[in-house]
Amino acid sequence: MIEVKELFKAFDGRLVLNNINTVFRNGEVNLIIGQSGSGKTVLMKNIVGLLTPDKGRILYDGRDFCALNKKEKIQLRREMGMIFQSAALFDSMTVLDNVMFPLNMFSDKSYNERKKRAMECLDRVDLHNVDLKYPGELSGGMQKRVAIARAIALEPKYLFCDEPNSGLDPKTSIIIDELISSITHEDNITTIVNTHDMNSVIGIGENITFIYKGCAEWKGSNKEILNADNKPLEEFIFASDILRHMKTSKKTNE
Amino acid sequence: MVSIKDGLNGLGEYVILIGKAIAVPDRWRMFWKQYVTEMFQLGYNSIGIVLIISFFIGAVICLQIKLNIQSPWMPTMVTGYTTREIMLLEFSSSIMCLILAGKVGSNIASELGTMRITQQIDALDIMGVNSANYLILPKIIGLMTIMPVLVTLSVFAGVVGAYATTFLGTTTFAELNEGFRYEFNQWFFWCGMIKAVVYAFIITTISAYKGYMVEGGSVEVGKASTSAVVTSSIYILFSDIFLTNMLT
Ligand SMILES: Nc1ncnc2c1ncn2[C@@H]1O[C@H](COP(=O)(O)OP(=O)(O)OP(=O)(O)O)[C@@H](O)[C@H]1O
Ligand SMILES: [Mg+2]
């Protein structure tokens with residue numbers, strides 16, 4: 001469980017996050033949604049420690065990230081996996097070396113065991129026969145899957161995904177979403193996903209935080225979101241015609 | 001005033017970054033792997049350019065001295081002697097490193113800059129890897145190891161270049177031989193080695209700093225790589241004066 005308490009972050013005097021309070025639950029896919037530029041990435045970077053909050057606390061199962069000393073921070077980092085918006089694979093390494101990297105860095109196992117674990121992770125994300133290719137030779141969707149494989153190699157307790165399906169076609173997006181969802185449930189991970197894709201919201205959003213104008217404007221699940229009574233949220237969701245249509249037809253049916 | 005403040009800020013950032021880079025590696029096996037890769041990438045791949053440039057400069061210096069400086073009242077060994085000392089004292093150590101700053105510096109800055117903007121460095125940090133240590137230290141140690149080798153090769157290529165002028169008929173093998181052997185001071189060679197190691201440190205740390213700190217996109221990576229070359233060249237020139245004054 002990750003708790004965010006009274007988080008503030010400003011850039012050059014411009015407040016991007018204004019008193020965010022929210023909880024991300026264990027074994028569930030937690031979503032952060034909001035318009036482009038609303039501060040989702042900034043919030044996630046604060047949570048994982050790539051940015052330092054101006055004020056506020058981030059508790060990882062009770063451990064206050066900002067208050068930890070260097071050694072404890074590194075220890076906590078080993079429990080985290082992250083998938084970046086741009087996949088962020090090491091482009092000078094093969095796919096196998098990418099997935100093996102965290103193991104090479106932190107595991108005392110033998111080479112063969114590390115390799116075996118990396119191959120398991122690649123299997124897990126349904127990638128076969130690409131281990132000797134370079135990231136540049138893969139499609140965007142495949143790169144995302146390699147990134148997932150790399151993130152889960154050390155069996156993280158916390159998984160962060162910044163827009164995992166940006167730039168992917170709808171079908172591939174669903175595959176990636178389902179992969180993230182099943183990994184979360186099977187391994188009982190606290191997963192946080194940034195997205196503005198309504199398909200993901202409806203598909204995998206068990207616990208959703210909607211960010212609007214720097215505040216956590218609404219919280220709930222994908223079951224509640226379509227009927228939520230919140231103006232900015234409605235505007236965000238029903239920006240898409242199909243969904244607006246779904247809502248009106250649902251209302252007329254009732 | 002703003003530029004002084006920026007300068008001090010930059011210096012502070014540089015010192016912090018290099019301090020972070022110079023630490024005991026998380027994993028030695030990863031360090032050695034990177035170290036060998038960097039030596040190959042930064043050093044081995046520069047051997048060609050070092051040999052070619054030094055060969056021609058050695059030849060030209062020799063010709064210039066023979067044609068324009070050497071007079072009948074000077075001993076014949078002057079040409080060889082002067083060529084040797086110029087190569088050893090200045091060209092192979094300092095000018096060669098200045099040229100390498102262009103090649104190696106832009107290479108390091110653009111590599112790290114690209115890793116920064118594509119979030120590869122963030123990915124390392126998230127894993128709990130000391131990214132500065134993992135990425136920069138092997139470059140520093142790698143180039144510091146290989147630079148003395150490059151400088152030595154440069155001296156030899158220069159001497160070979162000078163001998164090559166005998167084929168033009170301008171110089172004779174015997175006079176060059178005499179000059180090259182005349183009062184050889186071993187310390188000059190060690191001065192070159194010391195300079196090489198210092199310049200290798202300057203080139204790698206400044207370029208790594210410029211690349212590692214990139215914010216923005218491809219334009220900024222380009223700027224960082226230019227700035228890496230310019231800044232490390234300036235610092236090489238400055239320290240050349242101090243080192244020359246100190247060592248000889
Ligand atoms: N390093 C930074 N310096 C200054 N401003 C920043 C920085 N990072 C983000 N911002 C600002 O913070 C705001 C939120 O940005 P953020 O990247 O979090 O948006 P986002 O919700 O992730 O959008 P998207 O869906 O497009 O990824 C933006 O207005 C951006 O300009
Ligand atoms: Mg974003």
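Just so it is clear, the values below take in all heavy atoms, side chains as well, and ignore hydrogens, waters and symmetry mates. Here is how names work: the chains are called A, B, and so on, in the same order as the sequence lines, proteins then strands, and each is numbered from 1.
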Search all heavy atoms of A:Ser107 against all heavy atoms of B:Arg29 and return the closest pair with its distance.
O-NH2, 3.2 Å
How many angstroms lie between atom CD of B:Gln120 and atom CE of A:Met93, to the nearest 0.5 angstrom?
8.5 Å
Which heavy atom of A:Ile74 sits nearest to which heavy atom of B:Gly128, and what is that distance?
CG2-O, 3.8 Å
Separation between NZ (B:Lys33) and CG (A:Asp97), nearest 0.5 Å, reads 5.0 Å
Should the heavy atoms of other residues, nucleotides or ligands under 6.0 Å from CG of B:Leu11 be counted, would the total exceed 12?
yes
Heavy-atom proximity to chain B below 4.5 Å, by part of A:Asp162:
neither
Does a side-chain heavy-atom distance below 4.5 Å link B:Met30 with A:Phe101?
yes
Where do B:Ala123 and A:Ala88 come nearest, in terms of heavy atoms and distance?
CB-O, 4.1 Å
Heavy atoms from other residues, nucleotides or ligands near CZ of B:Phe56 exceed 12 (cutoff 6.0 Å)
no
In terms of heavy-atom pairs under 4.5 Å with chain B, which of A:Asp91, A:Leu76, A:Leu154, A:Val48 leads?
A:Asp91
Go through A:Met80, A:Met82, A:Met105 and name the one with the most non-hydrogen pairs under 4.5 angstrom from chain B.
A:Met105
To the nearest 0.5 Å, tell me how far A:Phe90 CZ sits from B:Leu135 CG.
8.0 Å
So with a 6.0 Å cut-off around NZ of A:Lys115, is the heavy-atom count from everything else above 12?
no
Between A:Phe160 and chain B, which part of the residue has a heavy atom less than 4.5 Å away: side chain, backbone, both or neither?
neither
Tell me if the OH atom of B:Tyr235 is crowded by more than 12 foreign heavy atoms within 6.0 Å.
no
Can you tell me how far apart CZ (A:Arg150) and CE (B:Met127) are? Round to the nearest 0.5 Å.
4.0 Å
A:Gln85 side, atom CD; B:Asp122 side, atom CG - distance, nearest 0.5 Å:
12.0 Å
Note, A:Asn104 side chain near B:Arg27 side chain (heavy atom, < 4.5 Å)
no
Take a 6.0 Å sphere around NZ of A:Lys133 and say whether it holds more than 12 heavy atoms from other residues, nucleotides or ligands.
no
Contact origin within A:Leu89 toward chain B - heavy atom pairs under 4.5 Å:
backbone
Closest approach of B:Ile126 and A:Arg77, non-hydrogen atoms and distance?
O-CD, 2.9 Å
Close side-chain approach of B:Val129 and A:Phe106, heavy atoms under 4.5 Å:
yes
Region of A:Lys45 in contact with chain B, defined by heavy-atom distances below 4.5 Å
side chain
A quick test of your reading: do over 12 heavy atoms of other residues, nucleotides or ligands sit less than 6.0 Å from CD of A:Glu186?
yes
